[in-house]
Asker: 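Here's a structure for you.
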Amino acid sequence: MTVRLGDTLTGEVRPLEPLEPGHVRVYSCGPTVYGPAHVGNFRAFTFDDLLVRYLRFRGFRVTWVMNVTDVDDKIIKAAAAEGVGIEEISARYSKVFLDDLATLGIRQPDVLPRATENIPQMVALIQTLLEGGHAYRTDDGSVFFRIASWPDYGQLARLERVDANEMRVGERVEADEYGKDDVRDFALWKGPKPGEPSWDTAIGPGRPGWHIECSAMSMRYLGESFDIHTGGVDLIFPHHTDEIAQSEAATGQRFVRHWLHNAFLQMGGQKMAKSTGNIERVPEIVARGVPARALRLALISAHYRTALSFSEESLDAATAAVERLDAIVAALAAYQSDAAGDDPTVGALLDGAREAFVAAMDDDLNISPALAAVFDLVRELNRRIAARSMSTADAGRALQALRDLDEVLGLLPPADDALTPELQALLDARAAARAAKQWAESDRLRDALAERGIAVEDTRDGQRWRRQVASRV
RNA sequence: GGCGACGUGGCGAAGUGGCCCAACGCGGCGGUCUGCAAAACCGCUAUUCAUCGGUUCGAAUCCGAUCGUCGCCUCCA
C-alpha cells in the first residue's frame, strides 16, 4: 500500500515517490497578511494540515513550509489607510492568522518564511532569469518574465492552446504594468514608486512581484525540485502557472512533483469570498458557540478537490458528530468490565478500522470513507460497551486506536483533561446523592454541573462526565 | 467567448461497470435501556442516483444530447 496523490499538472492520481525516500517536502501557499483571513481561506490550511498529518502518520518525515506574504499591494494599501508601516499591518495579521491556525488545530508549519526576509533570494533568482534571457527590464525599473521564452508556459492551467491575443488578461493590464513586451508577461520585480516600500538590490530598487517569493522561498527551504505544492484552485492561474515558468526557466529542473489544489468552500451556493461578501471568520464562528473542533470537521469533511458546502446546517451536523466522538471517548474511559476476560475479536475490529482508514486516505486523501471507517468503529464499540463484552483493557486499546487515528483528524477532545477540585466535589456529591437515592439533590447537582459546562450521564459504569461542547447562541 | 468541475435521500457527502434496492455524518419517526435525563443501541427514513437516448449479459458508474449549478480566465485559499 502506498500513498497516492493527485497532480493538477497531469490530472492523474499517482503514487507519492519522494525525491528523497522517506522524506516528503511540502510547500503550501500561505496567507497575505493584510487583514484577517476568513474560513474559506482556512479550508486550504486545514487541508494542508490534514495532508501533512497523514504523511507523518504514514511514517514519512515531512518538511512543511508555508510562506507569509508580508509585502504586496493590499498590505501597502492597508498601511497607507491607517498611516502606519507595512510591518505593523503584517505583524498584526500574522498574529491573527497564527491564532486562527491554533484554534482550528492546524499544526504550525516547520518554516513560515516571510517575503521581506527573502529579498536576496528573490533577487538572485531574477538575476538568473535575466542572464538566461527569460526576463527583461522596463523603463520604470521593473523586471518582467518573458513568456515567449518559455514554450511550456500554461500547462498547469491548460492554456496551451490559447492564443496570446485572446487572453482576457490582456484586456485588464494594470496601469502600472506598461512597457511589457507581451501582455501575458508578469512582473518579477516592481520598480520603486513614491510612497511604496522599496529595497535597494543588485537589480535596482523596488519590491518583489507576487509570484517570485514562492519560487525563491520554496527553493531556499526545499530545494530546486520538491515533492508537493499546495494551494487553492484559484492559484492555478496565474500564480502557480507563473511559479512553474520562472522556477523551471531558472533551474532547468522540474519544479514540483505533485500540485494539490483544494476546491472552494461554498456558502449560499457561491464560493466564500470577500468580494462576494459571504464570508465568516474563525473567531466569529467560535464566539457564537460553534466548537472549534466542529468547525475543523466541517472544513475537512469532504475531499479536497470537491467544492464543500458550508452553512449553519453543516456546522450543526459537525457539532453533533463531534459530540458523538466525545461520547465514545468518555464512555471508553469510564468503562469498567464486569470481570470478563479480553474479547478476542477486538483486535481484529481495531485493525480492520485502521486498515479501512488507511486505504481511504492512501487514495488521494479520500476523507469521506476514512471518516466512515472511524464512525463504523464508533458504532461497533458502542455496541460492545452496551453489551459489556469487552474487558477494561479492551476499552483502553480501543480508545488508543481512536486516538491514533485522531493524530490525522485532530477531532477528539484533549486526553489530559482533568476537572477542577470544585467540579470534582460536585461530581462526588452527586454520586453520593444517587447512592442514597436522593433524586432531587442528584438532579440539582447535575444541573449545577451542566451550568459549568460538564455533562453528566449515568451508566452501569457509574457517573460519566464530559465537557459539553459549546452551545449555540 | 475560452478552459474546467459538478448535478446521488430532508441536509451534507461517499461510491465511477456486477459486492449498490447506494457508505458515513446530521435530521426525522418508532422502539429498547433508564429513578428522571442524557448517551447508546435496534428498526424505519433514495427499487433510485438531473432529464432523455445509447453501449453492455449487466450502469449511479461508459458514450451522446438536453437542462441546471459552480469555478478559473483580474486580487483571491
Side-chain angles (χ1 to χ4, degrees), chain A residues 8 11 28-32 34 37-48 72-74 154 157-163 166-174 210 230-239 241 261-266 269-276 297-298 301-328 330-331 356 360 366-376 378-387 434 437-440 442-443 446-447 450 455-460 464 466 468:
Chain A
T8 306
S28 298
C29 271
T32 297
Y34 71 101
H38 61 257
V39 263
N41 299 313
F42 283 98
R43 184 180 187 197
F45 306 128
T46 49
F47 166 65
D48 295 333
D72 102 310
D73 294 351
K74 281 180 289 195
R158 314 226 140 68
L159 296 175
E160 62 267 30
R161 287 186 304 243
V162 176
D163 185 308
E166 288 180 2
M167 286 185 66
R168 287 205 170 192
V169 63
E171 300 167 11
R172 308 187 195 183
V173 183
E174 300 230 351
W210 175 31
T230 70
V233 282
D234 52 312
L235 298 182
I236 294 172
F237 184 86
H239 187 52
T241 295
H261 289 105
N262 63 277
F264 285 124
L265 198 61
Q266 304 275 133
Q270 287 185 299
K271 74 163 179 173
M272 184 181 287
K274 204 173 179 184
S275 56
T276 316
L297 175 58
S301 63
H303 184 88
Y304 69 91
R305 263 187 278 112
T306 304
L308 172 61
S309 300
F310 186 83
S311 62
E312 286 309 300
E313 292 70 36
S314 74
L315 288 171
D316 286 341
T319 301
V322 164
E323 285 177 328
R324 183 165 166 77
L325 294 173
D326 287 2
I328 185 73
N366 198 354
I367 186 83
S368 289
L371 286 170
V374 170
F375 283 103
D376 281 338
V378 168
R379 188 188 316 103
E380 187 54 36
L381 290 171
N382 274 322
R383 280 187 192 132
R384 291 171 192 235
I385 289 167
R434 286 201 82 231
K437 297 195 186 300
Q438 295 169 353
W439 306 130
S442 156
D443 290 350
R446 182 169 59 201
D447 291 344
V456 185
E457 293 156 2
D458 300 314
T459 73
R460 273 178 285 186
R464 173 168 93 193
R466 61 189 159 90
Q468 280 164 345

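No experiment lies behind these values; they were computed from the predicted model shown. First the proteins, then the strands, lettered A, B, ... as listed; each starts at 1.
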Asker: Base, sugar-phosphate or nothing for A/V374? Non-hydrogen atoms, less than 4.0 Å.
Answerer: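 If one applies the 4.0 Å heavy-atom cut-off, A/V374 turns out to touch nothing in the nucleic acid.
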Asker: Under 4.0 angstrom, heavy atoms only, what part of the nucleic acid is A/D376 near: base, sugar-phosphate, or nothing?
Answerer: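 Sugar-phosphate only.
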Asker: How long is the line joining CZ of A/R464 and C1' of B/A38, in whole Å?
Answerer: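 Whole-Å distance recorded here is 9 Å.
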Asker: Expected output check: what is the dot-bracket annotation of RNA chain B, where ( ) and [ ] are pairs inside the strand (brackets for crossing ones), | is paired with another strand, and pairs are Watson-Crick or G-U under 3.5 Å?
Answerer: ((((((((.[[[..)..(.....]]]((((((.......))))))....[[[[[..)....]]]]])))))))....
Asker: Using a 4.0 Å heavy-atom cut-off, does A/A320 contact any base of the nucleic acid, only the sugar-phosphate backbone, or nothing at all?
Answerer: sugar-phosphate
Asker: Side-chain contact, heavy-atom cut-off 4.5 Å: A/N382 with A/I328?
Answerer: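 A/N382 reaches A/I328 side chain to side chain.
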Asker: Can you check the distance between B/G64 and B/G25, where both ends of the measurement are the P atom (answer in whole Å)?
Answerer: 37 Å
Asker: Is any side-chain heavy atom of A/N41 less than 4.5 Å from a side-chain heavy atom of A/L265?
Answerer: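 A/N41 vs A/L265: side chains apart.
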Asker: Check whether any side-chain heavy atom of A/H38 sits under 4.5 Å from a side-chain heavy atom of A/M272, and report yes or no.
Answerer: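 With C-beta onward as the side chain, the pair touches.
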Asker: Provide, to the nearest angstrom, the distance between the CD atom belonging to A/Q270 and the C1' atom belonging to B/C72.
Answerer: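 Answer to the nearest Å: 15 Å.
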Asker: Here's a test of your reading of the structure: between A/K74 and A/D443, which maps to the more 5' nucleotide of RNA chain B?
Answerer: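 Between the two, 5'-proximity favours A/D443.
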Asker: Could you state the atom-to-atom distance from CD of A/E457 to C1' of B/A38 in whole Å?
Answerer: 5 Å
Asker: At their closest point, which heavy atom of A/L297 faces which heavy atom of A/A318, and how far apart are they?
Answerer: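 Smallest interatomic distance, heavy atoms only, reads CD2-O, 3.8 Å.
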Asker: Can you tell me how far P in B/G27 sits from the matching atom in B/A38, rounded to whole Å?
Answerer: 13 Å
Asker: Looking only at side-chain atoms of A/R434, point me to the closest of B/A77, B/G35, B/C41.
Answerer: B/G35
Asker: Quickly work out the A/F310 CZ to B/A77 C1' distance and round it to whole Å.
Answerer: 14 Å
Asker: Check every strand shown and say whether A/A387 touches a base, only sugar-phosphate, or nothing at a heavy-atom separation below 4.0 Å.
Answerer: nothing
Asker: After noting the C-alpha distance and the side-chain angles of A/D72 and A/T32, does the key distance pass the side chain to side chain donor-acceptor pair (under 3.5 Å) rule?
Answerer: CA-CA 8 Å; A/D72 102 310; A/T32 297; 4.8 Å; no
Asker: What is the distance, to the nearest angstrom, from the CG atom on A/L265 to the C1' atom on B/G71?
Answerer: 14 Å
Asker: Closer than 4.0 Å, any side-chain N/O of A/K274 to the OP1 or OP2 of B/A77?
Answerer: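 Looking at the OP1 and OP2 atoms of B/A77, neither is under 4.0 Å from any side-chain N or O of A/K274.
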Asker: Would you indicate, yes or no, if B/C73 has its OP1 or OP2 atom less than 4.0 angstrom from a side-chain nitrogen or oxygen of A/R158?
Answerer: no
Asker: Can you tell me how far P of B/A40 sits from CZ of A/R466, to the nearest Å?
Answerer: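 So the CZ-P distance, A/R466 to B/A40, works out to 7 Å.
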Asker: On RNA chain B, does the nearest nucleotide to A/R460 precede the nearest nucleotide to A/S275 from the 5' side, or the other way round? Give the residue.
Answerer: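 Here A/R460 is the residue nearer the 5' end.
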Asker: Ignoring hydrogens, what is the shortest heavy-atom contact between A/F264 and A/R43? Give both atom names and the distance.
Answerer: O-NH1, 3.3 Å
Asker: Less than 4.5 Å apart, any side-chain heavy atom of A/R464 and any of A/V456?
Answerer: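 They are not in contact (no side-chain heavy atoms under 4.5 Å apart), so the answer is no.
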Asker: Regarding A/R305, tell me which of base, sugar-phosphate or nothing describes its non-hydrogen contacts under 4.0 Å with the strands shown.
Answerer: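 Answer is nothing: A/R305 stays at 4.0 Å or more from every strand.
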Asker: Applying a 4.0 Å non-hydrogen cut-off, can you work out what A/G40 is touching in the nucleic acid: base, sugar-phosphate, or nothing?
Answerer: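 The answer is base, as A/G40 lies within the cut-off (heavy atoms under 4.0 Å) of a base atom.
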Asker: Can you figure out which of B/A77, B/A38, B/G35 approaches the side chain of A/D458 most closely?
Answerer: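 Closest nucleotide to the A/D458 side chain: B/G35.
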Asker: With a 4.0 Å cut-off on heavy atoms, is A/F375 in touch with a base, just the backbone sugar-phosphate, or nothing at all?
Answerer: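 Touches sugar-phosphate only.
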Asker: I want to check one thing: is the phosphate of B/A40, taken as OP1 and OP2, less than 4.0 Å away from some side-chain N or O of A/R324?
Answerer: yes
Asker: Using the P atom in both, what is the distance from B/C52 to B/U8, to the nearest Å?
Answerer: 16 Å
Asker: Taking all heavy atoms of A/S301 and all of A/L371, pick out the closest pair and write down the distance.
Answerer: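 Taking A/S301 first and A/L371 second, the nearest heavy atoms are CA-CD1, 4.2 Å.
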Asker: How far, in whole Å, is B/C42 from B/A50 if one measures between their P atoms?
Answerer: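 Looking at atom P only, B/A50 and B/C42 are 30 Å apart.
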Asker: Please state the C1' separation for the pair B/G54 and B/G17 - nearest whole angstrom.
Answerer: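 Per the computed distance, 15 Å lies between those C1' atoms.
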Asker: Considering only atom P, compute the distance from B/G18 to B/G1 and round it to an integer number of Å.
Answerer: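 Those two atoms are separated by 38 Å.
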Asker: Ignoring backbone atoms, establish whether A/N41 has a side-chain N or O less than 4.0 Å from OP1 or OP2 of B/A77.
Answerer: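 So the side-chain polar atoms of A/N41 do come within 4.0 Å of the phosphate oxygens OP1 or OP2 of B/A77, strictly under.
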Asker: The side chain of A/R446 lies closest to which of these nucleotides: B/C36, B/G35, B/C41?
Answerer: B/C36
Asker: I'd like to know if A/R466 pairs up with A/E457 as an ion pair, taking the criterion as any Lys NZ or Arg NE/NH1/NH2 lying under 4.0 Å from an Asp or Glu carboxylate oxygen.
Answerer: yes
Asker: Checking all strands, does A/L235 fall into the base, sugar-phosphate, or nothing category for heavy-atom contacts under 4.0 angstrom?
Answerer: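 Sugar-phosphate contact only.
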Asker: If we ignore angles and hydrogens, is there a donor and acceptor under 3.5 Å between the side chains of A/S314 and A/S309?
Answerer: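 Side-chain D/A pair, A/S314 to A/S309: absent.
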Asker: Any heavy-atom pair between the side chains of A/Y34 and A/D73 that's under 4.5 Å?
Answerer: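 Side chain of A/D73 against side chain of A/Y34, heavy atoms only: no contact under 4.5 Å found.
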Asker: So does A/N382 get a side-chain nitrogen or oxygen closer than 4.0 Å to the phosphate oxygens (OP1/OP2) of B/C41?
Answerer: yes
Asker: Measure CD1/A/I328 against P/B/G25 and give the value in whole Å, please.
Answerer: 12 Å
Asker: With the side chain counted from C-beta on, respond yes when A/I236 and A/T8 share a heavy-atom pair under 4.5 Å apart, and no when they do not.
Answerer: yes
Asker: Between B/G2 and B/U16, how far apart are the two C1' atoms, rounded to whole Å?
Answerer: 28 Å
Asker: Using whole Å, report how far CZ of A/F237 lies from C1' of B/A5.
Answerer: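 From A/F237 CZ to B/A5 C1': 18 Å.
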Asker: Can you check each nucleotide of nucleotides 6-19 of chain B against protein heavy atoms at under 4.0 Å and return B for base, S for sugar-phosphate only, - for none, in 5' to 3' order?
Answerer: ------SSSS----
Asker: Which whole number of Å gives the distance between the C1' atom of B/U47 and that of B/A22?
Answerer: 11 Å
